[in-house]
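Okay, so here's the structure we're looking at.
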Amino acid sequence: QQQVKQSPQSLIVQKGGISIINCAYENTAFDYFPWYQQFPGKGPALLIAIRPDVSEKKEGRFTISFNKSAKQFSLHIMDSQPGDSATYFCAASIDSGGYQKVTFGIGTKLQVIP
Amino acid sequence: DAGVIQSPRHEVTEMGQEVTLRCKPISGHNSLFWYRQTMMRGLELLIYFNNNVPIDDSGMPEDRFSAKMPNASFSTLKIQPSEPRDSAVYFCASSGQGKGLLSYEQYFGPGTRLTVT
């Protein structure tokens with residue numbers, strides 16, 4: 001059962017363009033929505049995160065948009081750069097007996113071409 | 001800060017052999033997670049330890065998999081006997097005891113790429 005659905009699985013964007021990755025979830029008990037960035041040969045690293053009581057969060061060129069009623073959230077990368085080429089994972093977590101149990105999306109491989 | 005350390009980085013073994021993956025979490029972190037990453041299933045949580053105690057092992061695929069955390073600075077994931085379908089990248093992650101959202105962030109190691117032939 002895929003609790004967090006992520007699309008697209010791959011994305012090619014021109015340098016300077018906007019990259020958009022979408023995610024949807026089913027469990028309304030999720031209370032924390034992080035995005036992780038993974039470069040080849042490395043482990044995922046937290047990029048940006050949002051709580052469901054906020055509709056948007058921006059950090060530099062990265063913005064999360066959150067629609068609680070639709071149970072959807074998305075990552076926007078403005079002015080995409082070749083260095084942004086990586087795999088991006090959306091995730092949703094829930095307090096599960098004292099820890100945040102994280103469910104990851106399948107991942108989106110982003111390629112930014114010069 | 002050295003981050004989460006995993007060894008080996010790559011492991012190639014034959015079907016039926018025992019495989020042991022190792023992890024050293026970030027000093028001071030009290031939570032440790034083992035994940036498996038495959039193209040088909042993405043990142044899956046295998047097991048979670050808190051203060052060296054296994055709390056949630058519902059993701060461990062079957063009895064061939066076992067994990068231990070004998071102390072706060074070391075954990076192992078063992079597969080015995082290994083099978084070709086176990087081929088994947090295995091990640092260890094740790095998180096701390098910060099307040100609120102600071103405790104939510106998981107720091108991942110570089111992973112161990114396991115190939116079972």
Side-chain angles (χ1 to χ4, degrees), chain A residues 1-10 21 23-25 27 29-54 57 59 64 66 86-110, chain B residues 1-7 9-10 21 23-26 29-51 53-59 88-113:
Chain A
Q1 181 184 4
Q2 191 177 0
Q3 292 195 51
V4 180
K5 295 182 179 179
Q6 181 173 351
S7 63
Q9 289 195 36
S10 64
I21 304 171
C23 287
Y25 64 97
N27 189 348
F30 286 134
D31 61 1
Y32 178 66
F33 298 86
W35 285 85
Y36 280 79
Q37 180 187 53
Q38 183 181 26
F39 292 105
K42 305 288 187 182
L46 181 66
L47 180 65
I48 186 172
I50 197 168
R51 296 294 291 265
D53 52 351
V54 177
K57 184 172 182 180
E59 290 184 1
I64 300 177
F66 190 87
T87 299
Y88 292 81
F89 296 92
C90 63
S93 71
I94 184 172
D95 190 304
S96 179
Y99 80 101
Q100 284 290 318
K101 185 168 186 175
V102 183
T103 301
F104 289 88
I106 197 69
T108 296
K109 187 172 183 179
L110 171 66
Chain B
D1 188 349
V4 175
I5 298 173
Q6 291 187 247
S7 65
R9 293 295 309 275
H10 301 273
L21 311 182
C23 174
K24 176 179 169 56
I26 292 173
H29 282 186
N30 67 328
S31 296
L32 184 139
F33 308 81
W34 281 101
Y35 289 90
R36 178 172 65 179
Q37 184 177 41
T38 61
M39 289 294 291
M40 291 300 295
R41 300 175 67 89
L43 270 166
E44 301 174 282
L45 176 66
L46 299 178
I47 188 169
Y48 156 69
F49 290 88
N50 183 255
N51 293 323
V53 177
I55 303 298
D56 182 352
D57 64 355
S58 59
V89 180
Y90 291 82
F91 287 102
C92 175
S94 69
S95 66
Q97 280 183 303
K99 295 293 184 181
L101 290 181
L102 289 177
S103 68
Y104 293 4
E105 181 175 357
Q106 295 183 20
Y107 294 80
F108 284 75
T112 295
R113 181 174 294 277

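Chain letters run A, B, ... following the sequence lines, proteins first and then strands; every chain starts at 1.
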Heavy-atom distance under 4.5 Å between the side chains of B:Tyr48 and A:Val102, does that happen here?
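No. Closest side-chain heavy atoms not under 4.5 Å.
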I want to check something: taking the side chain as every heavy atom from C-beta on, are A:Gln38 and B:Phe91 in contact at a cut-off of under 4.5 Å?
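Counting from C-beta outward, A:Gln38 and B:Phe91 do come under 4.5 Å.
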So which residues of residues 86-93 of chain A are in contact with chain B at a heavy-atom cut-off of under 4.5 Å?
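At a heavy-atom separation under 4.5 Å, chain B is reached by A:Phe89.
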Heavy-atom cut-off 4.5 Å, strictly under: side chain, backbone, both or neither for A:Pro44 against chain B?
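Interface part for A:Pro44: both.
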Which bit of A:Gln9 comes within less than 4.5 Å of chain B, counting heavy atoms only: side chain, backbone, both or neither?
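When you check distances to chain B, no heavy atom of A:Gln9 falls under 4.5 Å.
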Which distance, rounded to the nearest 0.5 Å, do you find between the CG of B:Leu45 and the NZ of A:Lys101?
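Answer for the CG-NZ pair, B:Leu45 versus A:Lys101, is 6.0 Å.
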Point-to-point distance, once rounded to the nearest 0.5 Å, from OH of A:Tyr36 to CD of B:Gln106:
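CD of B:Gln106 is found 5.0 Å from OH of A:Tyr36.
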Per-residue contact mode, B:Gln6 against chain A (heavy atom under 4.5 angstrom):
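Neither part.
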Is B:Ser58 close to chain A through its backbone or its side chain, or both, or neither, when contacts mean heavy atoms under 4.5 Å?
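For B:Ser58, the side chain is the part near chain A, not the backbone.
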Let's test your reading of the structure: which of B:Cys92, B:Pro110, B:Gly42 forms the most heavy-atom pairs below 4.5 Å with chain A?
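Of the candidates given, the most pairs with chain A belong to B:Pro110.
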Is it true that a side-chain atom of B:Arg9 and a backbone atom of A:Gly41 form a donor plus acceptor pair closer than 3.5 Å?
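Yes; judged by distance alone, with no hydrogens or angles, the pair exists.
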For B:Arg41 and A:Ile106, which heavy atoms make the closest approach, and how far apart are they?
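That would be C-CD1, 3.7 Å.
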